[in-house]
Visitor: 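Sharing a structure, written as structure tokens. Questions coming.
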Amino acid sequence: MATHQIRVFGDPVLKRPAAPVTEVDGALAKLVDAMFETMYEAPGVGLAAPQVGVQRRFFVYDIGDGEGPQVMLNPQVVAASGEWLYEEGCLSLPGLAFEMVRPKLVTVQAQDLDGNEVVIEGDELLGRVFLHEIDHLDGVLMLDRLDKAQRKQAMRELREQGMGVLTPGGRKHAL
Ligand code: NI
């Protein structure tokens with residue numbers, strides 16, 4: 001199966017809020033499979049639909065905890081607590097990573113591909129993936145959450161690398 005091109009900073013699709021998933025059909029299942037493959041190839045631990053140009057509220061993830069590839073449709077944060085500092089990266093901001101504090105424990109309610117409601121609690125990295133990917137569904141990039149100094153540095157780095165050229169390395173867990 002062919003992988004998708006990952007949209008990078010500057011692509012307007014990344015700034016637009018996505019619409020709810022209303023139809024769970026074979027086409028969606030196929031797209032999800034292609035997104036798994038795209039995520040693994042990148043490599044990343046999470047990938048949201050807008051990052052492959054699809055303006056629908058879903059994302060895929062696999063944090064390497066043995067659960068395998070997962071998908072969440074129409075995810076919503078229902079609880080968040082604590083604080084956790086993590087150096088966050090993004091497949092749409094190649095080469096960039098910034099330490100950011102976000103909630104440590106995050107509970108998300110979503111639908112799976114069978115139409116079942118699921119509630120999953122994510123601690124640390126898993127919680128971070130949930131928050132990062134749901135931001136993508138709202139048209140929010142990691143960049144938008146940086147403080148002024150970090151943001152300035154990020155913009156400089158993006159400019160220096162010509163924005164949109166994927167560079168190998170420099171990413172730990174890109175989301
Ligand atoms: Ni991202």
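Atoms within a ligand are numbered from 1 in the order they appear, just like the ligands themselves.
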Visitor: Please answer whether the main-chain N or O of H4 pairs with a side-chain N or O of T38 as donor and acceptor at a distance below 3.5 Å.
Guide: yes

Visitor: Less than 4.0 Å between a side-chain N and a carboxylate O, is that true for D144 and K15?
Guide: yes

Visitor: To the nearest 0.5 Å, tell me how far E133 CD sits from L47 CG.
Guide: 7.0 Å

Visitor: Closer than 2.8 Å to the Ni ion (ligand 1), which protein N, O or S atoms?
Guide: C90 SG, H132 NE2, H136 NE2, L175 O

Visitor: Taking 4.0 angstrom as the limit, do E88 and R102 come out as a salt bridge?
Guide: yes

Visitor: Is a side-chain N or O of R128 found less than 3.5 angstrom from the main chain of W84, in a donor-acceptor match?
Guide: yes

Visitor: Treating Ile, Leu, Val, Met, Phe, Trp and Tyr as nodes and any side-chain heavy-atom pair under 4.5 angstrom as an edge, say whether F58 and V140 lie in one connected cluster.
Guide: no

